[in-house]
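Just so it is clear, the values below take in all heavy atoms, side chains as well, and ignore hydrogens, waters and symmetry mates. Throughout, a chain's letter reflects where its sequence line sits, starting with A, and its residues are numbered from 1.
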There are 2 protein chains.
Amino acid sequence: MSQRTQELTDAEWAIIQMVWEHEPVPAPTVQELLEEQRGWSYSTVKTLMDRMVKKGLLTTERIRNLMLYTSAITRQEAQSKEILKTLKRAFEGALTPMMQFLLESDHITHSELDELEALIRAKKSK
Amino acid sequence: MSQRTQELTDAEWAIIQMVWEHEPVPAPTVQELLEEQRGWSYSTVKTLMDRMVKKGLLTTERIRNLMLYTSAITRQEAQSKEILKTLKRAFEGALTPMMQFLLESDHITHSELDELEALIRAKKSK
DNA sequence: TGACATTCTTTACAAGTGTAAAGTAGTCTT
DNA sequence: AAGACTACTTTACACTTGTAAAGAATGTCA
């Protein structure tokens, strides 16, 4: 059980985000947190979370009758995996074209550009 | 049929990459091109491609007995969709953290950094 | 014209995903 | 102790995805 290098599905992303922010957290709380955003019923959330435990994405600890869920992978790990997937699939592994694409997409503000410039400069001087 | 704003699966990415590079292209050719990489049989490739037609990702044109496939979305559209998905899922829509993550992650070379810097500067002056 | 070869079509099937209803069990309140 | 809450468990079901075998149709060469 639980070979990690799993990919997260969309539903799993929604859930694990909440877990990262609130862990250790019981399923009902996660359901409430996602109510608005997704409109999932308790059953749905609980089912998803239990599947995630089986996959090794979350772990549980039982306190009396309450199950508390905790993430089993870090946000960084998950982000990294996700980005690499996109990089491989859509850009055939080439990082610069992907960055370029991001820059060119119109969703970037002037101040974000400044920030990035600073980041690059910092990176270069290292 | 064929509302577009579909996401591509992994198999679909593999196929459409070949289509972009060789279109208009018949299924057997795509199968040969992917033989090495994926080891898919003709049936598999053909099934996938026909599903993609149904989804509006590819179109076909029949010449006598040969079906030629052509992409119905551009590489840019697909890349954009893919990146936005990652951005939304994994970075809650925040572009700078994602770029930062990319910068900090792997082996960006010095010259790539230069390139990016230039891109940013160009973008800013626009 | 019959035998190959090539390509297309039909059908299938298991695993994974999104979604949840219904039933059960334990806890709290009066 | 009965009823009401709350949380957990079981079961289900349709749709998508990866994978392909088997059969049908068409074209080609001897």
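- Residue-level contact check: A/L66 touches the backbone only, with heavy atoms under 4.0 Å from sugar-phosphate atoms and none from bases.
- A continuous path of Ile, Leu, Val, Met, Phe, Trp and Tyr side chains, each step under 4.5 Å between heavy atoms, connects A/L87 with A/L103, placing both in one hydrophobic cluster.
- Rounded to whole Å, the distance from CG on B/D10 to C1' on D/dT17 is 11 Å.
- Nucleotides of DNA chain C lying under 4.0 Å from heavy atoms of chain B occupy a range whose first and last members, 5' to 3', are C/dT7 to C/dA12.
- No path of Ile, Leu, Val, Met, Phe, Trp and Tyr side chains, each step under 4.5 Å between heavy atoms, connects B/W40 with B/Y42, placing them in separate hydrophobic clusters.
- In this structure, B/E82 and B/W13 have side chains that are in contact, with non-hydrogen atoms separated by less than 4.5 Å.
- At least one side-chain heavy atom of B/L102 sits less than 4.5 Å from a side-chain heavy atom of A/M98.
- Atom C1' of nucleotide D/dT16 and atom CG of B/D50 are separated by 16 Å, given to the nearest angstrom.
- Two residues are said to be in side-chain contact when any heavy atoms from C-beta on lie closer than 4.5 Å; A/L116 and A/I108 meet this criterion.
- Protein atom CG of B/L8 is 11 Å distant from nucleotide atom P of D/dG18, rounded to whole Å.
- As rounded to whole Å, 14 Å separates atom P of D/dA7 from atom CD1 of A/I63.
- Between A/R51 and B/R64, the residue whose closest nucleotide on DNA chain D is further toward the 5' end is A/R51.
- Of the residues in residues 34-46 of chain A, those placing a heavy atom less than 4.0 Å from an atom of DNA chain D are A/Y42, A/K46, in numerical order.
- Summarising the geometry, the separation between CD1 on B/I16 and C1' on D/dT17 is reported as 16 Å, rounded to the nearest angstrom.
- In this structure, B/M49 places its CE atom 16 Å from P of D/dT19, rounding to the nearest Å.
- For the pairing with B/E7, the salt bridge (charged side-chain N to carboxylate O under 4.0 Å, His left out) check across B/K85, B/K81, B/K55 returns one residue only, B/K85.
- Using a 4.5 Å heavy-atom cutoff, the side chains of B/E117 and A/K124 are in contact.
- Considering only side-chain N and O atoms, B/N65 lies under 4.0 angstrom from the phosphate OP1 or OP2 of D/dG27.
- Distance CZ (A/R62) to C1' (D/dT9): 10 Å, rounded to an integer number of Å.
- The phosphate of D/dG18 (OP1 or OP2) has a side-chain N or O of B/T9 nearer than 4.0 angstrom.
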Practice problem: Give the C-alpha distance, both sets of side-chain angles, the deciding distance and a yes or no for salt bridge (Lys or Arg N to Asp or Glu O under 4.0 Å) between A/E23 and A/R75. | Solution: CA-CA 13 Å; A/E23 65 192 336; A/R75 187 175 233 137; over 6 Å; no

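- B/E35 pairs by the side chain to side chain donor-acceptor pair (under 3.5 Å) definition with B/Q31, not counting sequence neighbours.
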